[in-house]
Amino acid sequence: MIYIHIPFCGSFCTYCGFYSEIADREVAGRYVKALCTEISSRKKELAEGPDTLYIGGGTPSVLPLSAVMEIASAAGGAALAGIPLSQRHFREFTFEANPEDIAGRGRAYAEGLAACGVNRISMGVQSFDDGILRWMNRRHSAGTAVKAYDIIRESGIENVSIDLIFGISQMDDDLWNDTLDKAVALRPQHISAYQLSIEPESTLASMVRTGRYREASEPVCRRQYDMLCRKLSEAGYRHYEISNFALPGYEALHNSSYWRHVPYAGFGPGAHSFSIGGDTALSGTLRKYMRFWNIPDVRKYISSCLSGGCGAYPEESADTGIVQTETLTPEQVAIERIMLGLRTDRGVESSCLESYADGSGLAKMIDKGFLVPASDPSFLRIPEKHFFISDSIIADII
Ligand code: SF4
């Protein structure tokens, strides 16, 4: 699986703590060249033909179509080189987009994305209430989101995911209910819904510090999460991960692989890669259980890549100063697998839990019904009714 990071946005959202910069045409152009250089110089890592490509950010849709084409063809050329051109496509190619970009650029842009091989769009809708959207400092209105959704549909891209946020103190249950109704009425294949969190680097964090925002209480968040689970289940969505719901057959392949701890290759500043070593094409080059990432600095990244210093394997590029690495112990890997697996309805292997979890904590969780057999009987999972408190369940187990 390949992740490509686009660290540019049109503006900064109130709640966001991600690293990104306001899009600048000149910098973005050089960034795309740097990205393609990194992809091509790490193509050995992609030799096994990963089946998913995810372009995320930031806001990838701030890029013009020509830049998306350049990136998609660099990724396709590196990962799918052995496949005849006519069949060269990723099983799932997700592109993150914001509604104002799709609505502003119009159908030609969406059709152009489809021509690049994009077959899934993940759109940051967040709310269908204009007051909430303004508070979030989003650049779109509810109407723009619906227009963008229609444009994507008309372009022939059939797999659409939308993001929503709940647990905002000024959003009462009626407003959340209305947002869910509007989301379900569009009938996207996939819905991701996140509880608002206070990210340390965000504007919201400083609003909390200065008393301009008070967090929603836990009972409110819990109630809105329960509404979410109930409404989406009634509408036919499968709750397959704490924050993710899909119509049957439309679970996100890319993210599901991530939750299964499958190795991945990330490109761009801040993007992480994970190698399990041993049986991969890179055995002997990358260490087992090694995670590495480019530092989150666009300018350093560009100048390093364009001067031939990025994209080499970490051991070889230690002196460029832009790649950082960590090697996980088998215990750390198992704990990550438990933490990721228990986020999903697939769960995690009982044997993994028994080997690495605290024995008494595990028994207590099973007794209390916080862990139950999954559809594969050799796996244990957290039942949906306890997803909301999964963090504390997982913390007790490990
Ligand atoms: S939420 Fe998305 S669009 Fe908003 S600032 Fe963060 S990365 Fe950019």
Distance-only polar pair, side chains of Ser197 and Glu199, donor-acceptor under 3.5 Å: yes
SB check Arg107 Glu111 (cutoff 4.0 Å): yes
Heavy atoms from other residues, nucleotides or ligands near CD of Gln170 exceed 12 (cutoff 6.0 Å): yes
Distance, nearest 0.5 Å, that separates SG of Cys229 from CD of Gln224: 12.0 Å
Residue pair Ala216 / Gly167: nearest heavy atoms and the distance that separates them: CB-O, 3.5 Å
Polar side-chain atom of Asn119 near backbone of Arg91 as donor-acceptor pair, under 3.5 Å: yes
Lys231 and Asp181: CA distance, side-chain angles, deciding distance, side-chain contact (heavy atoms from CB on, under 4.5 Å) verdict: CA-CA 8 Å; Lys231 280 203 96 106; Asp181 282 343; 2.8 Å; yes
Mutual orientation of the aromatic rings belonging to Tyr225 and Phe166 [parallel < 30°, tilted 30-60°, perpendicular > 60°]: tilted
Interatomic spacing from CD1 in Ile165 to OG in Ser192 - rounded to 0.5 Å: 11.0 Å
Residue pair Pro373 / Leu380: nearest heavy atoms and the distance that separates them: N-CD2, 3.9 Å
Ile151 CD1 to Arg105 CZ distance, which is reported to the nearest 0.5 Å: 12.0 Å
Heavy atoms from other residues, nucleotides or ligands near CE of Met227 exceed 12 (cutoff 6.0 Å): yes
Lys33 with Glu70: basic N within carboxylate O range, under 4.0 Å: yes
Flag, side chain of His254 to backbone of Met1, donor-acceptor distance under 3.5 Å: no
Spacing of Thr94 atom OG1 and Ile4 atom CD1 [to the nearest 0.5 Å]: 12.0 Å
Ala74 to Ile39 - nearest heavy-atom pair and separation: O-CG2, 3.6 Å
Shortest non-hydrogen contact from Ile157 toward Arg153: O-NH1, 3.6 Å
Test side-chain contact (heavy atoms from CB on, under 4.5 Å) applied to Thr344 and Arg381, step by step: CA-CA 7 Å; Thr344 67; Arg381 58 170 295 222; over 6 Å; no
Charged N-O contact under 4.0 Å between Arg134 and Asp130: no
Heavy-atom closest pair, residues Gly112 and Met69: O-CE, 4.5 Å
Neighbour count above 12 (heavy atom, 6.0 Å) for Glu154 CD: yes
Residues, nucleotides or ligands: over 12 heavy atoms within 6.0 Å of Glu384 CD: yes
Asn98-Arg138 side chain donor-acceptor pair, cut-off 3.5 Å: yes
Sidechain-backbone polar pair: Thr14 side chain, Met136 backbone, donor-acceptor under 3.5 Å: yes
Check: Thr203/Ser206 side-chain N/O donor and acceptor closer than 3.5 Å: no
Side-chain H-bond candidate by donor/acceptor type, Glu38 with Tyr301, under 3.5 Å: yes
Reference residue His190; test ring-ring contact (aromatic ring centres under 6.0 Å, His included); the match among Tyr237, Tyr240, Phe245: Tyr240
Residue of the set Phe292, Tyr3, Tyr258, Tyr54 for which ring-ring contact (aromatic ring centres under 6.0 Å, His included) holds with Tyr264: Tyr258
Straight-line distance of Trp259 CH2 to Leu340 CG, nearest 0.5 Å: 9.5 Å
Within 6.0 Å of CZ in Phe388, more than 12 heavy atoms from elsewhere: yes
Donor + acceptor pair across side chains of Asn159, Glu92 (<3.5 Å): no
Inter-residue atom distance Leu353.CG - Phe379.CZ, 0.5 Å rounding: 10.0 Å
Contact summary for Gly58 and Cys9, nearest pair of heavy atoms: CA-SG, 3.6 Å
Presence of salt bridge, Arg291 and Glu336, under 4.0 angstrom: yes
Heavy atoms from other residues, nucleotides or ligands near CZ of Phe12 exceed 12 (cutoff 6.0 Å): yes
